[in-house]
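For clarity, every value in this text was computed on a predicted model and none was experimentally measured.
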Amino acid sequence: MKDEIVPRLVMIATFMCASAVCGATYSIKSDLDGKTVDLTDPATYLENAVPSGEGDVITVSAVYPYMTVTVSDPESMALLAGIERLEIGYGNEFILDCEGDFTLPAQVKGNGTFVKEGAGTVRFASHKIDPNGLYYDYSVNIDVREGVLRMVQADDTTMHTHSHYAVNVEAGATLVTVLNGTTQVKSLSGAGLVTNECTDVNEKGDLIYNQLNISNTGPDAGFDGIVAGQIMVRPTGGFLTLRNPANTFTGGVQLNQYRSNAPFGGILQVTKFANADEPSSLGMGASTMISVSSGGGLVRYIGNERSRTDRSVMIPDWPVVLDAGHYGGITFNGLFATYGST
């Protein structure tokens, strides 16, 4: 029944605090680097004991040389689903090799990397709330190498905010962003699919767009894959290059100065502009193609053919630069509008 791993908690994961200290930390041994580990085996941990369930924490925290461990068996996944938190230290990797459908209610945090492998689907499902009323249950680097990783898909009125560090989605793999709220990442790379399954509308019948905030900082940072779904892409400082001309996300791009001390807002580089009914680096749809929430920004065309678009550009009180690039140029046939005090 490997296809039905969704919290099929075995006795070792539900045996709350009877044979171990509830809320204890269990550290995977560093000499298991490169190996597939059994989380139900006491020999896996420095403490020579097995996590007993709610409140417990598993850590992968080797200091250089770092380590990579893999979990793939149903019993280990069931135990993982029953703990409080998985912590992955800097430079370390925790690979979850899932061929079926697995839901992970535990928090995943740290400066290391959570890796999704296998053709199956892993669903983040933590609903722990922080003191500020936001959800930061998965503050960790993410590498989706195979299959599907789905962030919280809770269809409720609470805005879920997932704050990640580097996020990579390999070709053929899929990342499904938060259903209701904001997915905040510091960098986005790879050639896979980033999408969203939201279909919500407001009281006026207008689509509600989930935000994908990206604060890339280097000039070479960019995403070669496809962004699709009811998503608004928001570069929040630094560089972001959307290289794929086949993006179909419908929320447009909103430049935003995420840090108050940044001299300028997001810098976005694109390879294709297009009309509302055609895919482009800036997505598609009748919504505003480019807008600014604060701090200004720059959009630079890096394609090598002439582009044209009938989509609108909303320019506020902050400086906005549209750079037509060295080749081709852009023809704007849509609406240029201002908002704010000027």
Side-chain angles (χ1 to χ4, degrees), residues 1-15 25-53 56-62 65-89 91-110 112-126 137-138 140-152 164 167-176 190 192-193:
M1 299 297 289
K2 194 173 182 179
D3 291 338
E4 298 179 1
I5 307 171
V6 185
R8 189 187 61 157
L9 300 183
V10 295
M11 183 176 296
I12 198 166
T14 57
F15 188 54
T25 297
Y26 300 81
S27 302
I28 296 178
K29 294 178 178 178
S30 60
D31 60 5
L32 296 175
D33 175 39
K35 297 182 179 180
T36 298
V37 298
D38 179 1
L39 297 182
T40 68
D41 183 356
T44 297
Y45 308 96
L46 291 175
E47 296 76 16
N48 198 34
V50 175
S52 60
D56 288 341
V57 177
I58 293 178
T59 68
V60 183
S61 55
Y66 309 116
M67 68 172 171
T68 297
V69 295
T70 300
V71 167
S72 60
D73 67 281
E75 289 74 21
S76 290
M77 291 188 193
L79 184 146
L80 194 63
I83 65 170
E84 174 76 15
R85 187 167 66 254
L86 170 66
E87 293 185 356
I88 309 170
N92 297 281
E93 289 188 344
F94 182 93
I95 300 174
L96 191 57
D97 186 351
C98 177
E99 296 292 336
D101 193 327
F102 173 64
T103 298
L104 181 59
Q107 296 175 289
V108 184
K109 293 189 173 185
T113 303
F114 178 90
V115 180
K116 165 64 179 69
E117 289 188 354
T121 297
V122 170
R123 306 167 187 270
F124 285 166
S126 179
D137 292 350
Y138 300 99
V140 67
N141 298 305
I142 290 178
D143 189 358
V144 189
R145 297 176 183 170
E146 298 175 306
V148 180
L149 177 62
R150 298 169 64 90
M151 297 182 185
V152 169
H164 305 282
V167 173
N168 181 68
V169 186
E170 292 292 332
T174 299
L175 174 68
V176 182
L193 171 64

- From CA spacing to verdict: side-chain contact (heavy atoms from CB on, under 4.5 Å), T121, F102: CA-CA 6 Å; T121 297; F102 173 64; over 6 Å; no

- Indicate the atoms forming the closest heavy-atom contact of V140 with F114, along with that distance. CG2-N, 4.1 Å

- Considering all heavy atoms of both residues, which atom of C98 and which atom of V122 are nearest to each other, and what is their separation? CB-CG2, 3.9 Å

- Query: Do NZ/NE/NH1/NH2 and the carboxylate oxygens of K116 and D97 come within less than 4.0 Å?
  - Reply: no

- Can you tell me how far the CG atom of L46 sits from the OG1 atom of T25, to the nearest 0.5 Å? 11.5 Å

- Checking N92 side chain against G112 main chain: does a donor-acceptor pair fall under 3.5 Å? no

- Message: What verdict does the side-chain contact (heavy atoms from CB on, under 4.5 Å) test give for N141 and V167, after you've listed the backbone C-alpha separation in whole Å, the side-chain angles of each residue and the deciding distance to 0.1 Å?
- Response: CA-CA 6 Å; N141 298 305; V167 173; over 6 Å; no

- Query: What is the minimum heavy-atom distance between P51 and L39, and which atoms define it?
  - Reply: CD-O, 4.3 Å

- Query: Shortest non-hydrogen contact from I83 to A106?
  - Reply: O-CB, 3.5 Å

- Between L80 and I58 the two heavy atoms that sit nearest each other are CD1-CD1, 4.5 Å

- Message: Using side-chain heavy atoms (C-beta onward) and a distance below 4.5 Å, is V37 in contact with V71?
- Response: yes

Would you list the atom pairs, donor with acceptor, under 3.5 Å between side chains in residues 27-34 and any protein atom, with sequence neighbours excluded?
from: S27; atom 1: OG; to: T59; atom 2: OG1; distance (Å): 3.0
from: K29; atom 1: NZ; to: A43; atom 2: O; distance (Å): 3.1
from: D33; atom 1: OD1; to: T68; atom 2: N; distance (Å): 2.8

- Output for pair (L193 CG, L175 CG), nearest 0.5 Å, gives 8.5 Å

- Nearest 0.5 Å please: distance from the CG atom of L96 over to the CG atom of L86. 9.0 Å

- Note on the structure: So salt bridge (Lys or Arg N to Asp or Glu O under 4.0 Å) across residues 140-149, not counting sequence neighbours, yields E93-R145, E117-R145, D143-R145

- Query: Could you go step by step and tell me if V60 and E87 meet the side-chain contact (heavy atoms from CB on, under 4.5 Å) rule?
  - Reply: CA-CA 6 Å; V60 183; E87 293 185 356; over 6 Å; no

- After noting the C-alpha distance and the side-chain angles of I142 and F124, does the key distance pass the side-chain contact (heavy atoms from CB on, under 4.5 Å) rule? CA-CA 12 Å; I142 290 178; F124 285 166; 4.1 Å; yes

- Working to the nearest 0.5 Å, report the span between OG of S72 and CD of E99. 9.0 Å

- Evaluate salt bridge (Lys or Arg N to Asp or Glu O under 4.0 Å) for R123 paired with D101, printing each intermediate quantity in order. CA-CA 8 Å; R123 306 167 187 270; D101 193 327; 2.8 Å; yes

- Distance, nearest 0.5 Å, that separates OG1 of T113 from CD1 of I88: 7.5 Å

- Item | E47 versus Y26, closest heavy-atom pair with distance | OE1-CA, 3.4 Å

- Determine whether V50 and L79 make a side-chain contact, defined as any pair of heavy atoms from C-beta on separated by less than 4.5 Å. yes

- For side-chain hydrogen bond (donor to acceptor under 3.5 Å, both in side chains), just list the numbers for D73 and S76, CA-CA rounded to whole Å, side-chain angles, deciding distance to a tenth of an Å, and then say yes or no. CA-CA 6 Å; D73 67 281; S76 290; 2.7 Å; yes

